[in-house]
Amino acid sequence: MSSGHRASKALRCSPIVRRFLRRPLLALAVAGCALAVVAPGSSTRGKEGGIFRISLSPNAGLDYIDPALSFTQPGWALLDATCARLMTYPDKPAPAAYRLEREVADSYRISKDFRTYTFTLRSGFRFSDGRRVRASAFAHAINRALQPFVNAPGAIHMRDIVGAAEVLSGRRRTASGVVARESTLVVRFTRPAPDFLARTAMPFFCAVPPNLPSSADGAGAFPSAGPFYVQEYRPGERVVIRRNRYYGGSRKVHLDGFDVDLQGGTPQDLLRRIDRDEEDWGHVLAPPFMDPSLGLVSKYGVNKSELWMKPGLTLRMLAFNASRPLFRANPKLRRAVNFAVDRTALLATTGGPIASRATDQYLPYGIPGFRESDIYPLGRPDVERAKSLAQGNVRSGKAVMYTTDVVPAVATAQLVKEQLAAIGIEVEVKKVPLHIASAAYLEKLASRGEEWDIALVLWTPNIPNPHAYLNQLLETQVLDDQTLTHFRSNTAKRELREAARTLQTRAQNRAYARLDALLAREHAPLAALGVVNEATLISNRVGCVVLRPVLDLAVACLED
């Protein structure tokens with residue numbers, strides 16, 4: 001395909017997609033238009049078969065291919081193509097991408113107290129070696145991740161299962177709360193677990209062969225029950241993934257498999273290889289895409305052909321420590337900060353509107369329950385309103401602000417310091433020598449012994465649902481038995497729990513939409529700044545593009 005045909009992938013979208021392109025609120029609903037007609041008489045579909053080429057950088061790529069251990073975005077992108085899970089998310093663009101649906105689970109029952117889940121499995125799923133997927137495949141996935149010597153990151157999502165503590169301590173090999181009988185799986189919890197359905201969509205809960213050994217090093221090639229399976233894995237070198245000929249699910253698969261190069265070089269090298277059509281895709285964070293030496297934006301534009309920037313799942317925000325005198329029982333000052341910050345200027349320190357989208361809400365765009373509420377200014381700040389709210393409420397007038405020591409984060413913190421001086425708050429910036437995405441940084445903030453008032457935080461939950469943004473941030477004690485902000489409101493806590501336990505989807509979404517606006521407008525335990533974009537570059541031959549917001553590999557295809 002010539003360079004002149006590249007832009008036609010986007011220009012010949014259906015009318016409904018073109019309408020979305022003109023509406024910023026729904027921009028992430030674009031699925032990509034790789035199935036568009038590019039010339040008279042050409043096919044509107046990609047060809048069937050072929051090997052999709054992936055390249056990953058050694059320092060920011062694949063950690064493990066074992067679903068119990070993998071905890072990187074590239075790892076999860078590959079596992080999404082090999083996994084079969086009880087519940088999953090559809091192969092559709094946002095917002096439909098985040099609507100939970102059944103995969104291997106044919107049906108399920110939830111007890112009134114949300115402590116017992118009973119799943120009945122579909123009969124058509126088989127591993128790539130032909131064996132039938134039974135309930136024991138999911139029970140073993142849970143028990144593997146709980147083994148203390150494995151040190152699985154997914155164990156945190158299983159520790160409230162009855163008997164999990166005994167397994168984690170080495171006293172038992174299996175959790176008594178997990179019972180598998182042929183096609184029936186029962187999971188019991190020590191406390192209400194209203195988010196467990198969504199948890200089962202994570203790779204940690206992938207069906208695995210019941211005889212798959214538990215290992216701290218992780219399994220390499222082993223049978224999978226998803227559309228593809230790992231045929232060969234050489235750590236630091238390559239992964240060979242091929243189609244599961246026994247796959248019994250409903251995902252529309254086109255490819256024969258994937259060849260994954262784990263020696264992709266620097267992010268810039270990787271992007272150059274994709275630009276030259278030597279590779280089809282690779283995972284790279286957003287900043288290198290804007291490197292002027294690559295010229296990607298000028299060559300492709302954004303969201304027009306091969307280059308895509310879509311709002312992801314990471315919320316960039318300022319957290320207020322409600323356990324310290326400055327912000328304790330002081331919602332007016334917390335709201336004043338929300339009016340005083342210049343979100344557009346703050347996001348410019350990390351790449352501007354191409355890299356992030358400004359927001360004043362706690363639910364990112366596209367997440368179930370999100371509804372535009374227009375609470376605080378997204379363009380220029382309202383300093384006069386901020387001063388009015390701050391008057392008589394600045395108390396000591398001094399704030400300690402924590403940030404990590406990476407350059408963009410420090411620049412953002414210094415700008416916050418300048419902006420809050422306008423409402424009478426003197427900010428002292430303290431740099432913590434930890435990577436901005438590190439769980440240790442969040443745990444440090446949650447510790448009652450840390451003397452901070454404001455913290456710059458990136459919050460990226462493992463589950464794309466409102467519970468992970470509102471309940472986990474403000475109600476559920478998940479960080480060293482504390483919430484991040486130490487925010488306390490009995491009314492908000494009760495309403496958040498009621499929303500989490502609402503089983504009817506539309507009613508739950510309405511409840512979360514109302515709470516999202518109410519919390520931000522009245523309580524303001526946080527100042528949401530922006531939603532970080534996910535960047536995608538694909539080669540000229542890639543079709544069937546679905547962004548969720550990362551490229552959906554399972555249903556990708558290659559064009560003729």
Side-chain angles (χ1 to χ4, degrees), residues 24-25 27-28 285-287 309-321 327 333-367 370 372-383 385-386 389 399 401-404 406-423 425 427 429 432 436-437 441-442 445 452-461 468-470 473-474 484-485 487 516-517 519-521 523-534 549:
L25 175 60
L28 76 163
L285 297 178
M309 294 280 187
K310 298 295 180 183
L313 300 175
T314 298
L315 181 67
R316 197 163 188 247
M317 62 188 180
L318 300 177
F320 306 132
N321 189 347
F327 289 116
L333 184 61
R334 299 195 295 259
R335 290 167 57 203
V337 174
N338 270 279
F339 278 109
V341 293
D342 185 336
R343 289 171 170 83
T344 299
L346 292 174
L347 295 184
T349 63
T350 56
I354 291 181
S356 301
R357 178 173 175 174
T359 187
D360 56 354
Q361 296 176 229
Y362 306 156
L363 292 181
Y365 305 97
I367 292 293
F370 172 80
E372 191 74 55
S373 297
D374 192 22
I375 302 167
Y376 299 108
L378 299 185
R380 300 178 64 179
D382 189 339
V383 178
R385 181 76 181 275
L389 286 166
M401 180 175 178
Y402 271 18
T403 182
T404 54
V406 296
V407 173
V410 174
T412 301
Q414 293 295 338
L415 196 52
V416 169
K417 177 178 180 177
E418 295 175 17
Q419 293 171 1
L420 296 193
I423 61 172
I425 299 178
V427 177
V429 176
V432 178
I436 197 165
Y441 177 56
L442 295 178
L445 296 178
W452 63 276
D453 300 294
I454 305 172
L456 180 62
V457 176
L458 290 182
W459 181 257
T460 311
Y469 288 91
L470 299 184
L473 267 175
L474 304 173
L484 176 63
T485 64
F487 170 69
D516 184 26
L519 287 164
R521 181 179 290 113
H523 300 283
L526 311 163
L529 303 178
V531 177
V532 179
N533 284 341
E534 288 289 345

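Note that the structure is predicted; figures quoted are calculated from it, not measured.
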So among F320, F487, F327, which one has a ring-ring contact (aromatic ring centres under 6.0 Å, His included) with H523?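 When F320, F487, F327 are each tested with H523, the ring-ring contact (aromatic ring centres under 6.0 Å, His included) holds only for F487.
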Taking all non-hydrogen atoms of both residues, which atom of [X] and which atom of [Y] are closest, and how far apart?
X    : Y    : result
A319 : V457 : CB-CG2, 4.3 Å
V532 : S356 : CA-OG, 3.9 Å
Y376 : A524 : OH-CB, 3.9 Å
V429 : T403 : CG1-CG2, 4.0 Å
P525 : L474 : CG-CD2, 3.7 Å
P461 : A468 : CB-CB, 3.4 Å

Please table the atom pairs, donor to acceptor, closer than 3.5 Å between any side-chain atom in residues 407-418 and protein atoms at least two apart or in another chain.
| residue | atom | partner | partner atom | Å |
| --- | --- | --- | --- | --- |
| T412 | OG1 | R316 | NH2 | 2.7 |
| T412 | OG1 | T349 | OG1 | 2.6 |
| T412 | OG1 | P408 | O | 3.0 |

May I ask you to decide if M309's main-chain N or O and N533's side chain share a donor-acceptor pair within less than 3.5 Å?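 Not a single qualifying donor-acceptor pair exists.
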Given 3.5 Å as the limit, does a donor-acceptor pair link the side chain of T350 with the main chain of L347, or not?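 Answer holds: yes.
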Who are the salt bridge (Lys or Arg N to Asp or Glu O under 4.0 Å) partners of D342, not counting sequence neighbours?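 Partners of D342 by the salt bridge (Lys or Arg N to Asp or Glu O under 4.0 Å) criterion come out as none, since no residue qualifies.
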Is there side-chain contact between [X] and [Y], with heavy atoms separated by less than 4.5 Å?
X    : Y    : result
L420 : I454 : yes
Q419 : V337 : no
M317 : L456 : no

Please name all residues satisfying side chain to side chain donor-acceptor pair (under 3.5 Å) with [X], sequence neighbours left out, ordered by chain then number.
X    : value
D360 : none
E534 : Q73
T344 : none
N338 : R343

Pair M401, W452 - check side chain to side chain contact (heavy atoms under 4.5 Å, CB included), show working. CA-CA 6 Å; M401 180 175 178; W452 63 276; over 6 Å; no
Identify, with sequence neighbours excluded, every residue that meets ring-ring contact (aromatic ring centres under 6.0 Å, His included) alongside Y362. none
Would you compute the distance between atom CZ of R357 and atom CG of L378 and round it to the nearest 0.5 angstrom? 9.0 Å
Identify, with sequence neighbours excluded, every residue that meets side-chain contact (heavy atoms from CB on, under 4.5 Å) alongside T359. L315, Q361, Y365, A528, V531
Residues in side-chain contact (heavy atoms from CB on, under 4.5 Å) contact with A517, at least two apart in sequence or another chain: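 In terms of side-chain contact (heavy atoms from CB on, under 4.5 Å), with neighbours along the sequence ignored, A517 is linked to S373, I375, R521.
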Run the side chain to side chain contact (heavy atoms under 4.5 Å, CB included) check on L445 and T485 step by step: do they pass? CA-CA 8 Å; L445 296 178; T485 64; over 6 Å; no
May I have the step-by-step check of side chain to side chain contact (heavy atoms under 4.5 Å, CB included) for F339 and L389, ending in yes or no? CA-CA 9 Å; F339 278 109; L389 286 166; 3.6 Å; yes
For T404 and Y441, run side chain to side chain contact (heavy atoms under 4.5 Å, CB included): C-alpha distance rounded to whole Å, both residues' side-chain angles, the deciding distance at 0.1 Å, then the answer. CA-CA 8 Å; T404 54; Y441 177 56; 3.9 Å; yes
